Student: 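Below you'll find the structure I mean.
Residues: numbered from 1 along the sequence shown. It should be emphasised that the depicted structure is a prediction, and the values quoted were computed from it without experimental measurement.
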Amino acid sequence: MLDIDITEQFSRALRNSRKVAVLTGAGVSAESGVPTFRGEDGFWRNINPMELATLEAFSRDPETVWEWYLHRRDTIRTIKPNPGHYALAEMAELYNDFTLITQNIDNLHRLAGSDNIYELHGNIHRNRCMDCDHTDYTESFSKLPPPCPKCGGRFRPNVVWFGEMLPHETIDRAMKAAYQAELFFTIGTSGVVQPAASLPLIAKQNGALVVEINLEPSEISHICDIKYHGKSGEVLPAILRKIRELKIMSIQEK
Ligand code: OAD
Ligand code: ZN
């Protein structure tokens, strides 16, 4: 079991913060076996995911893009949350105001018991109609996306592709949570994709203590006050244990 050192400043923030926000990226699911985007395992048939996750690729070659999504859905269906996801679900119980923002589309936070999740990039298990906006969980193993059951229009995976806007309400709420946070965690994200990558900065500029958990330094490490370079599935449970100790101590002190 990993034990971590925490500074006085971090300990105070863990104990006293009322508003906590968390941004997660592909790294938080890596230990569950979901390939990250920018890691070597992110490639499929030697194709860079950045070349598949676009509306242009889908319009030009829907069969290939759809097959990639069927493959990823299959992989994701068999995997389970890891101790990092569970620790975040438990952390939410310890704070009055806890916001979980994710760039992941794999549903693992929900399976671990988190609720009220802001899924910035959508959810891979859903489809959306390009004509009437209807969304559903229809399973399909056909070579091409099935037609929309409502209007017969064109279905696509309900995820945000490169160059597309994020769902308005979700990003607005996420920004507000970052703005108001006293303590902000950025976990398992390379911090290169906007606007998600600006959330830790918004938090920092508005007075939050920003904590990074990542295997290695990221593009946003330089703005983080506290950095843990390790696996989120090990560091998060260690932080959760610290929070429990600190909260128990503060109850005893009162
Ligand atoms: P990336 O693949 O860019 O980054 C994953 C990060 O996780 C890297 O910084 C790794 O060092 C780190 N990492 C890997 N394993 C880890 C572990 N066990 N514990 C902690 N950290 C670990 O993924 P994202 O930052 O999520 O967007 O990518 C952001 C967005 O770019 C994705 O949501 C997707 C992608 O293109 C869209 O599809 C719109
Ligand atoms: Zn439709």
Side-chain angles (χ1 to χ4, degrees), residues 4 6-7 9-10 13 20-44 47-54 72 82 84-85 87-88 99-106 108-109 117-122 124 159-167 170-236 238-239:
I4 53 164
I6 54 173
T7 62
Q9 186 192 27
F10 187 25
V20 179
V22 177
L23 171 69
T24 65
V28 89
S29 295
E31 289 156 76
S32 294
V34 185
T36 58
F37 281 84
R38 287 164 189 82
E40 281 171 20
D41 54 353
F43 278 62
W44 175 70
I47 314 178
N48 185 334
M50 314 304 153
E51 284 165 30
L52 291 166
T54 67
R72 290 173 67 208
N82 67 56
H85 297 104
L88 285 171
T99 305
L100 179 57
I101 306 159
T102 188
Q103 296 165 87
N104 300 343
I105 57 178
D106 57 28
L108 290 182
H109 285 304
I117 308 158
Y118 298 161
E119 291 176 309
L120 296 181
H121 294 164
I124 196 165
V159 297
V160 176
W161 283 327
F162 287 105
E164 292 188 321
M165 303 281 281
L166 272 60
T170 315
I171 185 66
D172 286 355
R173 288 184 181 169
M175 284 186 167
K176 190 169 167 209
Y179 185 82
Q180 294 181 338
E182 293 156 74
L183 175 59
F184 189 98
F185 290 90
T186 172
I187 309 171
T189 177
S190 53
V192 296
V193 174
Q194 294 294 352
S198 62
L199 294 169
L201 189 63
I202 293 175
K204 169 97 180 167
Q205 285 169 341
N206 290 283
L209 185 80
V210 179
V211 181
E212 172 170 71
I213 302 171
N214 197 307
L215 271 188
E216 55 192 31
S218 74
E219 287 297 310
I220 43 179
S221 296
H222 63 282
I223 66 141
C224 299
D225 302 291
I226 315 260
K227 295 158 223 189
Y228 289 102
H229 291 145
K231 294 183 172 174
S232 51
E234 293 174 1
V235 177
L236 277 167
I239 290 179

Student: Please answer whether the main-chain N or O of Val28 pairs with a side-chain N or O of Asn82 as donor and acceptor at a distance below 3.5 Å.
Tutor: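 At least one qualifying donor-acceptor pair exists.
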
Student: State, yes or no, whether a side-chain contact exists between Tyr118 and Leu23 at a heavy-atom distance under 4.5 Å.
Tutor: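 Tyr118 vs Leu23: side chains apart.
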
Student: To the closest 0.5 Å, what do you measure between CD (Glu212) and CD1 (Ile187)?
Tutor: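 If we round to the nearest 0.5 Å, Glu212:CD and Ile187:CD1 are 10.0 Å apart.
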
Student: Between Thr170 and Leu120, is there a side-chain heavy-atom distance shorter than 4.5 Å?
Tutor: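 Yes, at least one pair of side-chain atoms sits under 4.5 Å.
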
Student: Looking only at atom types and distance, does a side-chain atom of Glu164 sit under 3.5 Å from a main-chain N or O of Trp161, one as donor and one as acceptor?
Tutor: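 Yes; at least one donor-acceptor contact below 3.5 Å.
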
Student: What is the minimum heavy-atom distance between Phe10 and Val211, and which atoms define it?
Tutor: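 Distance-wise, the nearest heavy atoms are CE1-CG2, 3.7 Å.
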
Student: Between Ser190 and Ser218, what is the shortest heavy-atom contact and its length?
Tutor: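 Reported closest heavy-atom pair: O-CB, 3.7 Å.
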
Student: Which atoms form the tightest heavy-atom contact between Ala177 and Ala21, and what is the distance?
Tutor: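 The pair with the smallest heavy-atom distance is O-CB, 4.1 Å.
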
Student: How close do Gly191 and Ala197 get, counting heavy atoms only, and between which atoms?
Tutor: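 Closest pair (atom of Gly191, atom of Ala197, distance): O-CB, 3.4 Å.
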
Student: Are side-chain heavy atoms of Ile105 and Arg72 found at a separation under 4.5 Å?
Tutor: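 Contact flag for Ile105/Arg72 side chains = yes.
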
Student: Is there a side-chain contact between Leu199 and Met175 (heavy atoms, below 4.5 Å)?
Tutor: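 SC-SC contact between Leu199 and Met175 confirmed.
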
Student: Mind listing the closest non-hydrogen atom pair of Pro167 and Val160 along with its distance?
Tutor: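 Scanning both residues, the minimum pair turns out to be CD-CG2, 3.9 Å.
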
Student: Return the CD to CD1 distance between Gln9 and Ile226, rounded to the nearest 0.5 Å.
Tutor: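 Between Gln9 CD and Ile226 CD1, I get 5.0 Å after rounding to 0.5 Å.
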
Student: Thr102 side chain to Asn104 main-chain N or O, any donor-acceptor pair under 3.5 Å?
Tutor: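 Checking the backbone N and O of Asn104 against the side chain of Thr102, a donor-acceptor pair under 3.5 Å is found.
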
Student: Look at Lys204 together with Asp225 and state whether they make a salt bridge at an N to O cut-off of under 4.0 Å.
Tutor: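 Salt bridge: yes.
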
Student: Judged by atom type as modelled, is there a donor-acceptor pair below 3.5 Å linking the side chain of Ser198 to the main-chain atoms of Leu201?
Tutor: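 No; judged by distance alone, with no hydrogens or angles, the pair does not exist.
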
Student: Hey, what do you get for CG (Leu215) to CD (Glu31), rounding to the nearest 0.5 Å?
Tutor: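 Between atom CG of Leu215 and atom CD of Glu31 there are 7.5 Å.
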
Student: What class does the angle between the rings of His85 and His109 fall in, given that below 30° is parallel, 30 to 60° is tilted and above 60° is perpendicular?
Tutor: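 Plane angle over 60°, so perpendicular.
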
Student: Is any side-chain heavy atom of Arg173 less than 4.5 Å from a side-chain heavy atom of Thr99?
Tutor: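 No. Closest side-chain heavy atoms not under 4.5 Å.
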
Student: What's the separation between atom CD1 in Ile202 and atom OH in Tyr179, rounded to the nearest 0.5 Å?
Tutor: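 Atom-to-atom, Ile202:CD1 and Tyr179:OH are 10.0 Å apart.
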
Student: Using the rule given for side-chain contact (heavy atoms from CB on, under 4.5 Å), can you reason through Ile223 versus Gln205, listing the C-alpha separation, both sets of side-chain angles and the distance that settles it, and then say yes or no?
Tutor: CA-CA 10 Å; Ile223 66 141; Gln205 285 169 341; over 6 Å; no

Student: Heavy atoms only: give me the nearest Val210-Pro200 pair and the separation to one decimal.
Tutor: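 Smallest heavy-atom distance, with atoms named: CG2-O, 3.8 Å.
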
Student: Do Phe185 and Ile239 touch side chain to side chain, with heavy atoms closer than 4.5 Å?
Tutor: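 A side-chain contact under 4.5 Å exists here.
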
Student: How long is the span from the OG1 atom in Thr24 to the CG atom in Leu108, to the nearest 0.5 Å?
Tutor: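 One finds 10.0 Å between OG1 of Thr24 and CG of Leu108.
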
Student: Measure the spacing between NE2 of His121 and CG of Leu166 and express it to the nearest 0.5 Å.
Tutor: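 His121 NE2 to Leu166 CG: 4.5 Å, rounded to 0.5 Å.
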
Student: If the test is side-chain contact (heavy atoms from CB on, under 4.5 Å), which one of Asn214, Thr186, Val192 qualifies with Ile220?
Tutor: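 The single option meeting the side-chain contact (heavy atoms from CB on, under 4.5 Å) with Ile220 is Thr186.
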
Student: For a 4.5 angstrom cut-off between non-hydrogen side-chain atoms, does Ile213 reach Leu236?
Tutor: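 Counting from C-beta outward, Ile213 and Leu236 do come under 4.5 Å.
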
Student: Is there side-chain contact between Val193 and Arg38, with at least one heavy-atom pair below 4.5 Å?
Tutor: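 They are in side-chain contact.
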
